[in-house]
Engineer: 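Encoded as structure tokens, here's the structure I'll be asking about.
Chain naming here is simple, since letters A, B, ... match the order of the sequence lines and numbering starts at 1 in each.
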Protein chains: 2
Amino acid sequence: MPAELEPIKRNFIEGLSRISHFWGFPKSMGAIFAVLYLSPAPLSLDDLVAQTGFTKGAISASVRALARLALVHRQTKLGDRKDYYVAETDFYKASRTILKGRENSEFDRAITSVRETLTELKAAAAAAEDAELQFLLERVQALQDFFDALDALTSAIARLQNLGLPTIQKVLSILK
Amino acid sequence: MPAELEPIKRNFIEGLSRISHFWGFPKSMGAIFAVLYLSPAPLSLDDLVAQTGFTKGAISASVRALARLALVHRQTKLGDRKDYYVAETDFYKASRTILKGRENSEFDRAITSVRETLTELKAAAAAAEDAELQFLLERVQALQDFFDALDALTSAIARLQNLGLPTIQKVLSILK
DNA sequence: AACTTTGTTTAGTAAGTTCTAAACGCACAA
DNA sequence: TTGTGCGTTTAGAACTTACTAAACAAAGTT
């Protein structure tokens, strides 16, 4: 193996760390995924400690978060008490899983409160005729429609069995 | 105007604050947008202070951030030294603007470093034959392909003149 | 000129996050 | 039982961020 390979890997790991941070995740998650993604073999928690420089505790937490996102998978070898981890290589599959998990999130609770606002406004509008109320109703309805469209889109994607390049290209051709 | 309208508005404002926070923006941005969105008339900075409870400084900063995202627009009245702000009501238009602005972001610098990794690996592969190097090359290439697909998709959306419900529905029918 | 009215900038604070270091719990081994 | 190797949990340190309060700058008014 060429000796100058190590700095290249390091740069890659750094890059994924930054991406992870950008999306609001800890940098350690990006780093861990990068190390696993570049490894031909499953890695133990201690391997990850050695290759990332983070402590066991941090790795333990981040690797669990990654597993929840289905970006890494936990393996066990018979007769070996260690856990081993591998990176998911099908990014479309991972995207789908993440989109699916979205429902339980804080985000959905937030947009639920918008929907609540809408129903309350409708109730008020049924009781009394009022110009401002009508205005509010239209506005909140428009926002709700937008959220619904987004939701329809993402859940349609999440439902796809085989999201992949072909699908993306088909969509791209529509958008032309 | 019905008296019980105020708590409904408050709940809506709260909801958008949470959404804002979820997407990694300050809660004040969500609150300010919500107040503007529910207002039939443009509001001054002091109006926003009164209706959100944040201080002038905070509002000044957040409203500028919102304007950069084209989610609110600044207006001036002749003979009035105050600035007035209105909410953008075309969310598809705003989405497009946001997607366009993405290019200059930290995110793009990050995925550039992945692209760098790839070219470096290719250079190394040209110089020497090596099994692990080949493995790395394939993996990084696959990730790059995924990023490129995402990039093609978002920039195609950003380029659309009239992203809207009809377009979304057309895409949805494809994904069936 | 001096005073008002506006928006912006800055110093400092409070709160939330990510990480480390170390204690802990658990399962297996001797 | 005691010891060992593993992952998890916890207390706290270092850092980041959003916000307040107050000084400041710019422009209009008197």
Engineer: Using only atom types and a distance under 3.5 Å, with no angle test, would you say the side chain of B:Ser20 pairs donor to acceptor with the backbone of B:Pro26?
Structural biologist: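 A pair under 3.5 Å: yes.
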
Engineer: What is the distance from CZ of B:Phe22 to P of C:dG16, rounded to the nearest Å?
Structural biologist: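 After rounding, the gap between these two atoms is 18 Å.
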
Engineer: Taking atom types as modelled, is there a side-chain donor on A:Asp145 or A:Gln141 under 3.5 Å from an acceptor on the other?
Structural biologist: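 Side-chain D/A pair, A:Asp145 to A:Gln141: present.
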
Engineer: How long is the line joining CG of B:Leu66 and P of D:dA18, in whole Å?
Structural biologist: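 Taking CG of B:Leu66 and P of D:dA18, I get 13 Å after rounding.
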
Engineer: Are a donor atom and an acceptor atom from the side chains of A:Arg139 and B:Tyr37 found within less than 3.5 Å of each other?
Structural biologist: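 Side-chain D/A pair, A:Arg139 to B:Tyr37: absent.
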
Engineer: Quick check: does any side chain N or O of A:Thr97 sit under 3.5 Å from a backbone N or O of A:Lys93, one acting as donor and the other as acceptor?
Structural biologist: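 Flag set: sc A:Thr97 to bb A:Lys93 pair under 3.5 Å.
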
Engineer: Do B:Gln51 and B:Asp47 get their side chains close enough for a donor-acceptor pair, meaning under 3.5 Å?
Structural biologist: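 No pair is found: no donor N or O on one side chain lies under 3.5 Å from an acceptor on the other.
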
Engineer: Rounded to the nearest Å, what distance is computed from the CG atom of residue B:Leu48 to the P atom of nucleotide D:dT20?
Structural biologist: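 After rounding, the reported distance stands at 13 Å.
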
Engineer: Take the protein atom NZ of A:Lys82 and the nucleotide atom P of D:dT4, then report the distance between them rounded to whole Å.
Structural biologist: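 Distance check: A:Lys82 NZ to D:dT4 P gives 17 Å.
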
Engineer: For nucleotides 19-21 of chain C, list the nitrogen or oxygen atoms of the protein found under 3.5 Å from its nitrogen or oxygen atoms, one pair per line.
Structural biologist:
unit_1 : atom_1 : unit_2  : atom_2 : d
C:dC19 : OP1    : A:Ser28 : N      : 3.3
C:dC19 : OP2    : A:Ser28 : OG     : 2.7
C:dT20 : OP2    : A:Thr55 : N      : 2.9
C:dT20 : OP2    : A:Thr55 : OG1    : 2.8

Engineer: Which residue, B:Ser39, B:Pro42, B:Pro40, forms the side-chain contact (heavy atoms from CB on, under 4.5 Å) with B:Val86?
Structural biologist: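 For B:Val86, the side-chain contact (heavy atoms from CB on, under 4.5 Å) test succeeds with only one of B:Ser39, B:Pro42, B:Pro40, which is B:Pro42.
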
Engineer: Using whole Å, what does the distance between atom P of nucleotide C:dA29 and atom CG of A:Asp80 come to?
Structural biologist: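 A:Asp80 atom CG is separated from C:dA29 atom P by 12 Å.
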
Engineer: Tabulated below should be each protein N or O lying under 3.5 Å from an N or O of nucleotides 28-30 of chain D; please produce it.
Structural biologist:
none

Engineer: Report yes if a side-chain nitrogen or oxygen of B:Arg74 is closer than 4.0 Å to either non-bridging phosphate oxygen (OP1 or OP2) of C:dT6; otherwise report no.
Structural biologist: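 Answer is no, no contact under 4.0 Å.
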
Engineer: Counting only side-chain nitrogens and oxygens, does A:Ser60 get under 4.0 Å of the OP1 or OP2 atom of D:dT8?
Structural biologist: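 Indeed, a polar side-chain atom of A:Ser60 lies that close.
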
Engineer: Rounded to whole angstroms, how far apart are CG on A:Leu45 and C1' on C:dC26?
Structural biologist: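 Rounded to the whole Å, the gap is 16 Å.
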
Engineer: Hydrogens and angles aside, do A:Asp130 and A:Gln134 bring a side-chain donor and acceptor to less than 3.5 Å of each other?
Structural biologist: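 No donor-acceptor contact under 3.5 Å links the two side chains.
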
